[in-house]
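I have placed the structure first, in the form of structure tokens, so that the comments after it can refer back to it.
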Amino acid sequence: MKQTRILFVCLGNICRSPMAEGVFRHVCEENGRGQDLVIDSAGTGGWHIGNPPDHRAIAAAAGRGIDISAQRARQVAGTDFQAFDHIIAMDEDNLETLLARAPEDTHSKVSLFLEGVPGIEEREVPDPYYGGEEGFDHALDLIEAASRALLARLP
Ligand code: 4NP
């Protein structure tokens, strides 16, 4: 069976997209869909390449029973636009950067994570990097809702 390949993207790949990768993988496994999907994350920026997620992201995810500590940051590569079926941005800036870098025929793969999620008014997962720990919990609430909606939409 062909696996569906999903790439989550934020700016640094140390806060939001690693949490999205971990939460979405957890939701897929909970629903018996773990084998159907290949899940990864990356940043539009390269400042944190090779680093583990921010300690606040690791702690917030651990608080929900999800271990993201083994992830390492990487930057979005040109080959990702062919390698993945869906490339999912956390905010409008990420979306704009991705679309500027994506070959025209891959634009339809690129989307905003919160767009069309039932019960969610926000369009962006806010960047929690410069704020307090509560920002990480709020980001996780949005990421959980969007992960369930994404899995429900996948064939
Ligand atoms: P992320 O958060 O995009 O959710 O990983 C950030 C992490 C680092 C920086 C910005 C945002 N930074 O400027 O270093």
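Just so you know, ligand 1 is whichever comes first in the structure, and atom 1 is the first atom listed for that ligand.
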**OP:** For atom 8 (C) of ligand 1, find the nearest protein heavy atom and state the residue, atom name and distance (0.1 Å precision).
**Re:** His48 NE2, 3.4 Å
Subject >> Arg123/Asp91 salt bridge by N-O under 4.0 Å criterion >> reply: no
**OP:** Would you mind running through ligand 1 and noting each atom that sits below 4.0 Å from a heavy atom of Ile14?
**Re:** 5 (O), 7 (C), 8 (C)
Original post:
Where does Tyr130 meet ligand 1, judged by heavy-atom distances below 4.0 Å: at the side chain, the backbone, both, or neither?
Top reply: side chain
Subject >> salt_bridge(Asp40, Arg25) N-O dist < 4.0 Å >> reply: no
Original post:
Can you tell me the protein heavy atom closest to atom 1 (P) of ligand 1 and the distance?
Top reply: Cys10 SG, 3.5 Å
Subject >> Any N/O pair Leu11/ligand 1 closer than 3.5 Å >> reply: yes
Subject >> Distance filter under 4.0 Å to Gly12 heavy atoms, resulting ligand 1 atoms >> reply: 1 (P), 3 (O), 5 (O)
Original post:
Are any of the side-chain heavy atoms of Phe24 and Leu150 separated by less than 4.5 Å?
Top reply: yes
Original post:
Using 4.0 Å as the upper bound for N to carboxylate O, is an ion pair formed by Arg74 and Asp80?
Top reply: yes
Original post:
Is the shortest distance from a Lys or Arg side-chain nitrogen in Arg33 or Glu29 to a carboxylate oxygen in the other one below 4.0 Å?
Top reply: no
Original post:
Just by distance, do the side chain of His107 and the backbone of Ala102 share a donor-acceptor pair under 3.5 Å?
Top reply: yes
Subject >> Identity and separation of the nearest protein heavy atom to atom 2 (O) of ligand 1 >> reply: Asp127 OD1, 3.2 Å
Original post:
Against heavy atoms of Cys15, which atoms of ligand 1 measure under 4.0 Å?
Top reply: 1 (P), 2 (O), 4 (O), 5 (O)
